[in-house]
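Report on one structure; see the data block that follows.
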Amino acid sequence: MTVRTRFAPSPTGYLHLGGARTALFSWLYARHNNGKFVLRVEDTDLERSTEESTQAILDGMQWLGLDYDEGPFFQSQRMDRYKEVIQQLLEKGHAYKCYCSQERLENLREEQRIRKHKPRYDKHCFENPPKDSSAPHVIRFLNPEEGEVTFEDQVRGVITFKNTELDDLIIQRSDGSPTYNLCVVVDDADMQITHVIRGDDHINNTPRQINILHALGFEPPVYAHVPMILGDDGKRLSKRHGAVSVIQYHEDGYLPEAMLNCLVRLGWSHGDQELFSKEEMIKLFTLDHISQSAACFNTEKLNWINQQYLKTMPADYITSYLSDTFHEMGVDYLNGPSLIDIVEAYRERVDTIKEMAEKTRCYFQTIEHYDDKAAGKFLKEPVLGPLTSMRDRLDSLTDWSKENLHQVVVDVCAEFDIKMPKVAQPIRVALTGNSNSPSIDLTLKLMGKERTIKCLDHALEFVRIA
RNA sequence: GUCCCCAUCGUCUAGUGGCCUAGGACAUCGCCCUUUCACGGCGAAAACAGGGGUUCGAGUCCCCUUGGGGACGCCA
């Protein structure tokens, strides 16, 4: 039997880290087993579902490279099928109409809460079926009263619920629309899903779904409930955590490969290994090394992973991201050194593409102002001599090679009898605006003669005025 | 309140009864490398929530306590 997994988001928001991780696990499991990965959009709640959200989820998955073999299916387009199943349930006595008002239900819950009981429907309409069947009503699933439901969760082990804990849940609203638990069951069965991998907030739904499945004569799939992901602060993911959407990480300059790597290590491990290519993940991923407890997302670790990828991926691949970023920033990146050279010079010095772009825009644009601390330390009067000498020597340099540039720096050091940093640091500030950059000869090389002279003149002017 | 789930360094985790004096990674701190910043190398500090069992032996199995999370919707 081929493995079939699914990712079933509801389009009521963006694809956040938790959703992305769940999608990744489902995708990996399908790919590892040469199975199929199905995408299903659970949009039965028409009030809250939006097309923007659907698109955002699709975009997020595309960015991460989580491709699906079937779908996207939309539950909103399968209404006839759900109605058919509900009718079937009704006819077989597995469901009944309930005419209770929402007010009665609320009072009932309130009362049960006061008596410190678990709020449950009291089967009023099952025990006292009203005569008038044309009045507004919902349809409830008749849950078994006795016995228990047991399933073997692939990550949690055996989980058992007593049927007395479950109540007769609504499967069709008074407006005739089906509800979540019913749709999930019908879809998973129709789509022949063999493994349901989802967040552990669904553990409580599982016994209800299994009961409906049995009433319908279907075999339950295998379940695997993965723990949730918490924010950096250990709290539940929410809007407060800056990056709610995985796409935000794209905008912040992270590579999809790094994001995937970071997500897969949240709740899954393979010994001590930290870095996994997509192919390795697929090869190694199984359900039996998923952890059972929630994990905090750690931005610093993501930064490190991202840098590992920046360091090792082909330069031209990184270049394409860098050019996109420059484009968005309005930087004319064709007017300066080649981006490949920029990437090679900076890939070990930054965590993200965005940071790389910010640190290297000075090679393409005149810098607006110097970093206060750096200028205060290095653009002071004593550097006038060396800097002026540097400027004049460079001005007469015809072959702008790294070797020649190095020699010029060495010569200036000798002329004033000072150490390398004494001349290199002021030049760094003059060229890049702050005191960190690649080796000074490489920095000069990248900057080019024309821009370098301009920068040095500007810096000399700055020192004289200050 | 009821039910369900969870519990190893600050964080992600290894650990499937003896290999654990508890390993790795991020972050932190120190040293080395060095033309600044990084990268890299070396090193330090840092955890089995508590209590009972079971066992020759428990981080690992069982129970209780504590703590955390989730569910209890005509949301998904």
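Since we're looking at a predicted model, the values are computed, not measured.
Taking the six-membered ring for Trp and thresholds of 30 and 60 degrees, A/F151 and A/H225 have ring planes more than 60 degrees apart, a perpendicular arrangement.
If you check distances only, the side chain of A/K301 does reach the base of B/A25 with a donor-acceptor pair under 3.5 Å.
Taking side-chain N and O atoms only, A/K311 has a distance below 4.0 Å to OP1 or OP2 of B/G40. OP1 or OP2 of B/U13 sits under 4.0 Å from a side-chain N or O of A/S291. Remark: A/R120 is not in phosphate contact with B/G73, judged by side-chain N or O atoms under 4.0 Å from OP1 or OP2. When the side-chain nitrogen and oxygen atoms of A/Q292 are compared with OP1 and OP2 of B/C6, one or more of them lie within a distance under 4.0 Å.
For the pair A/R78 and A/F74, the cation does not sit on the ring face, since its NZ or CZ is not both under 6.0 Å from the ring centre and inside 45° of the axis.
Taking atom CD of A/Q308 as the reference point, atom C1' of B/C39 lies 10 Å away to the nearest angstrom. Rounded to an integer number of Å, the gap from CD1 of A/I229 to C1' of B/U11 is 14 Å. The nearest whole Å value for the distance from the CG atom in A/D233 to the C1' atom in B/G10 is 13 Å. Going from atom CG of A/D168 over to atom C1' of B/C72 covers 14 Å, rounded to whole Å.
A/Y249 has its ring centre less than 6.0 Å from the ring centre of A/F297.
Shown here are the side chain to side chain contact (heavy atoms under 4.5 Å, CB included) partners of A/A357, two or more places apart in sequence or in another chain: A/L322, A/T325, A/F326, A/M329.
Taking the P atoms as reference points, B/A25 lies 26 Å from B/C61, given to the whole Å. Taking the P atoms as reference points, B/A22 lies 16 Å from B/A58, given to the whole Å. The separation of B/C32 from B/U8, taken at their C1' atoms, amounts to 33 Å, rounded to a whole angstrom.
The stretch residues 264-274 of chain A touches RNA chain B through A/R265, A/L266, A/G267, A/S269, A/G271, A/D272, A/E274, each having a heavy atom under 4.0 angstrom from the strand. Applying a 4.0 Å cut-off to non-hydrogen atoms, the residues of residues 137-161 of chain A that approach RNA chain B are A/V138, A/R156, A/I159, A/T160, A/F161, listed by residue number.
Defined by atom type and a distance below 3.5 Å, a donor-acceptor pair is present between the side-chain atoms of A/E257 and A/Y317.
The residue among A/Q75 and A/H117 whose nearest nucleotide of RNA chain B lies closer to the 5′ end is A/H117.
Under a 4.0 Å N-O distance rule, the pair A/R156/A/D200 qualifies as a salt bridge. A/R120 and A/D168 are not joined by a salt bridge, as no carboxylate oxygen comes within less than 4.0 angstrom of a charged side-chain nitrogen.
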